Amino acid sequence: MWIMVCASLWAQTTHRDSVLVQARYLKSIYRTDDALTALSALVQPGTPDEEVLAEMADCHFQNGDYEQAADSYFLLSSLSPGNVIYRIRRMQTFFRIKAWPQCIQAGREVLQIDSIPAVLSIIGDCFRQTEQADSALHYYRRSLAQKPLDKTVLSKAMGVLIDRQDYDGAIRQSEAFLTEDPDNATIAPLAGLAHYRKGDYESAQKVFQRQEDIGNDTYPVHYYLGQSYWHTKVIYRAEEELLAAWQIDSSDVNLAYSIAAVKSEAYRWPFEKEVKPWLDKAMEMIQPDPAMMSRLHQQYGLGYYKTQASWDKAIEHYKKAYKYNPKFISALSTIAYCYEVNKDYKNALEWYEKYLKVAKPGSKGYEFATKSIEYLKGELFMVEK
């Protein structure tokens with residue numbers, strides 16, 4: 001009798017092991033549904049088999065059934081509280097379904113067993129997704145304390161600091177890493193961006209120029225190098241870099257506008273051939289954003305104003321610029337001046353008077369408009385006589 005019982009148990013064990021081997025093979029070739037069917041035959045009510053349940057949980061995870069996987073890993077964690085793998089997998093399932101609070105809680109449970117840098121980073125990601133920047137930064141820094149040369153986590157920490165305009169903090173965060181790897185193509189450009197956003201254009205220019213010199217031929221490098229050169233008044237280099245950025249990505253309306261503005265500052269004439277096409281590109285790309293529309297029309301107006309090719313077109317665009325941005329009050333005096341040089345004195349007088357109503361008394365613009373009004377009234381008086 002005893003021999004028969006032992007033989008039966010041995011047969012059951014052999015069958016179980018055989019099914020597990022088969023299921024693992026099916027899982028390895030992504031036939032997870034077949035693997036689950038095979039494993040289900042081993043499930044006995046009231047007698048949980050941890051190894052079988054773990055394989056089923058992995059199948060659910062691989063199959064994209066994350067809610068079922070989370071439940072399975074929770075059960076496994078109850079069966080084996082010290083098994084950190086089950087808790088990590090449960091955290092990962094919550095991350096996949098974007099259940100951020102649950103992922104944070106599951107991650108903290110992992111940390112009670114082992115302070116794993118990758119888990120700290122994932123918790124930071126969850127806090128960043130829920131727009132809790134301070135908490136995200138706290139966990140990123142805890143992760144970096146263990147792995148200071150992890151550029152992925154460092155870039156996230158710097159991103160948080162840049163987003164909240166702590167540019168000096170972002171630069172400081174990068175210093176230790178850049179001491180070891182000064183030309184890193186991920187961290188160095190972020191430090192350059194922090195310098196740029198801070199308004200330290202010369203430092204930004206050095207960073208991005210170095211990146212270009214070592215072969216980092218990417219859109220951000222050319223774009224911010226061009227912008228930095230523009231701010232430091234090296235206009236020809238700004239134009240070169242912005243055009244290089246355009247060759248990589250021609251979908252940014254701000255880039256099209258910047259190229260137009262740089263060409264305008266470089267006096268690339270004729271306006272209709274050199275500057276206007278870029279303004280037209282930006283105008284075609286833009287959504288109805290009043291601030292950008294105003295800036296575009298300012299550049300159109302400035303182009304016609306500088307070339308004196310068409311005072312009427314300059315007036316048209318300055319009126320639109322003012323319409324989109326009523327705070328752009330200098331447009332009023334510019335419109336008046338265009339009417340004046342076009343010898344349309346009545347309209348010139350009207351627009352100078354509009355300007356005086358909103359201009360600051362005592363300013364140069366106010367004094368210029370006042371003198372112009374006196375002159376125009378004299379001219380109109382003579383015409384009437």
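Since the structure is predicted, the reported quantities are computational estimates derived from the model, not experimental observations.
Nearest heavy-atom pair, Leu79 versus Leu53, reported as atom, atom and distance to 0.1 Å: CD1-CD1, 3.9 Å. Among all heavy-atom pairs drawn from Ile122 and Cys103, the shortest one is CG2-SG, 3.9 Å. Nearest heavy-atom pair, Ile162 versus Ala170, reported as atom, atom and distance to 0.1 Å: CG1-CB, 3.8 Å. The two residues Gly124 and Ala136 make their nearest non-hydrogen contact at O-CB, 3.3 Å. Nearest heavy atom pair, residue Ala282 against residue Val253, reads O-CG2, 3.5 Å. Taking all atoms of both residues into account, the shortest heavy-atom contact from Ser115 to Leu120 is OG-CD1, 3.9 Å.
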Inset, instruction - Run the numbers on Glu202 and Lys206 for salt bridge (charged side-chain N to carboxylate O under 4.0 Å, His left out), then give the verdict. - result: CA-CA 6 Å; Glu202 290 186 358; Lys206 290 177 182 177; 5.8 Å; no
Inset, instruction - In sequence, state the C-alpha distance, the side-chain angles, and the governing distance for Asp34 and Lys27, and then conclude on salt bridge (charged side-chain N to carboxylate O under 4.0 Å, His left out). - result: CA-CA 8 Å; Asp34 292 338; Lys27 185 179 68 174; over 6 Å; no
Legend entry - side chain to side chain contact (heavy atoms under 4.5 Å, CB included) assessment of Lys320 paired with Leu296: CA-CA 10 Å; Lys320 289 180 179 178; Leu296 283 167; over 6 Å; no
Inset, instruction - Could you go through the side chain to side chain donor-acceptor pair (under 3.5 Å) check for Gln299 and Trp278 one step at a time? - result: CA-CA 10 Å; Gln299 286 295 331; Trp278 289 98; over 6 Å; no
Inset, instruction - Tell me, with the steps shown, if Thr307 and Glu272 meet side chain to side chain contact (heavy atoms under 4.5 Å, CB included). - result: CA-CA 10 Å; Thr307 58; Glu272 294 274 356; over 6 Å; no
Legend entry - Arg268 vs Glu239, salt bridge (charged side-chain N to carboxylate O under 4.0 Å, His left out): CA-CA, chis, key distance, verdict: CA-CA 11 Å; Arg268 290 300 182 89; Glu239 184 178 348; 3.1 Å; yes
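Figure legend: Lys306 and Tyr267 shown as a cation-pi pair, the cationic atom lying under 6.0 angstrom from the six-membered ring centre and within 45 degrees of its axis. For the pair Arg295 and Tyr257, the cation-pi test (distance below 6.0 Å, angle within 45°) is passed. By the 6.0 Å and 45° rule, Arg89 stacks over the aromatic ring of Phe61.
Defined by atom type and a distance below 3.5 Å, a donor-acceptor pair is present between the side-chain atoms of Asp213 and Gln209. Checking Gln112 against Arg87 by side-chain atom types alone, no donor-acceptor pair falls below 3.5 Å. In this model, no donor atom of one side chain and acceptor atom of the other lie less than 3.5 Å apart for Glu350 and Tyr345. Inspection of the Gln298 and Ser294 side chains reveals an N or O donor paired with an N or O acceptor under 3.5 Å. Between the side chains of Glu340 and Trp351, no donor-acceptor pair is found at a separation under 3.5 Å. Between the side chains of Ser310 and Asp312, no donor N or O sits under 3.5 Å from an acceptor N or O. Judged purely by distance below 3.5 Å, without hydrogens or angles, the side chains of Gln227 and Tyr223 pair a donor atom with an acceptor atom.
For the ring-ring contact (aromatic ring centres under 6.0 Å, His included) test with Phe208, the passing option among Tyr219, Tyr201, Tyr224, Tyr229 is Tyr224; the others fail. Here the rule is ring-ring contact (aromatic ring centres under 6.0 Å, His included) with Trp311, and of Tyr304, Tyr305, Tyr339 only Tyr305 fits it. Among His60, Gln92, Arg96, Arg90, the one residue that satisfies the side-chain hydrogen bond (donor to acceptor under 3.5 Å, both in side chains) test with Tyr66 is Arg96.
Side-chain atoms of Ser363 do not come within 3.5 Å of backbone N or O of Ala359 as any donor-acceptor pair. In this structure, the side chain of Ser264 does not engage the main chain of Ala260 through any donor-acceptor pair within 3.5 Å. No donor-acceptor pair under 3.5 Å is formed between the side chain of Gln211 and the backbone N or O of Pro189. Checked by atom type and distance alone, the side chain of Asn342 never pairs as donor or acceptor with a backbone atom of Asp344 at under 3.5 Å.
With salt bridges taken as basic N to acidic carboxylate O contacts below 4.0 Å, none links Arg172 and Glu175. Taking a cutoff of 4.0 Å between a charged side-chain nitrogen and a carboxylate oxygen, Arg24 and Glu51 qualify as a salt bridge. A salt bridge between Glu241 and Arg237 is present, with a side-chain N of the basic residue lying under 4.0 Å from a carboxylate O of the acidic one. For the pair Asp181 and Lys151, the salt-bridge criterion is not met [side-chain N within less than 4.0 Å of a carboxylate O]. Residues Lys371 and Glu367 are not paired through a salt bridge, judged by the lack of any N-O separation under 4.0 Å between the basic side chain and the carboxylate. A salt bridge does not link Lys357 to Glu353: none of the charged side-chain nitrogens sits closer than 4.0 Å to a carboxylate oxygen.
Annotation: the span from His317 atom NE2 to Leu302 atom CG amounts to 12.0 Å, rounded to 0.5 Å. In this structure, Ile104 CD1 and Phe127 CZ are separated by 4.0 Å, a value rounded to the nearest 0.5 Å. Between Arg197 atom CZ and Asp163 atom CG the span is 8.0 Å, to the nearest 0.5 Å. Separating the OG atom in Ser78 from the CG atom in Asn83 is a distance of 12.0 Å, to the nearest 0.5 Å.
Using bins of under 30°, 30° to 60° and over 60° for the plane-to-plane angle, the ring pair Phe368/Tyr337 lands in the tilted bin. Ring-plane geometry between His297 and Tyr300 is classed as tilted, the angle between the planes lying from 30 to 60 degrees on a 0 to 90 degree scale.
Checked against a 6.0 Å centroid threshold, the rings of Tyr196 and His231 count as neighbours.
When the side-chain contact (heavy atoms from CB on, under 4.5 Å) test is applied to Asp125, the partners found at least two apart in sequence or on another chain are Phe95, Ser121, Tyr140, Lys156.
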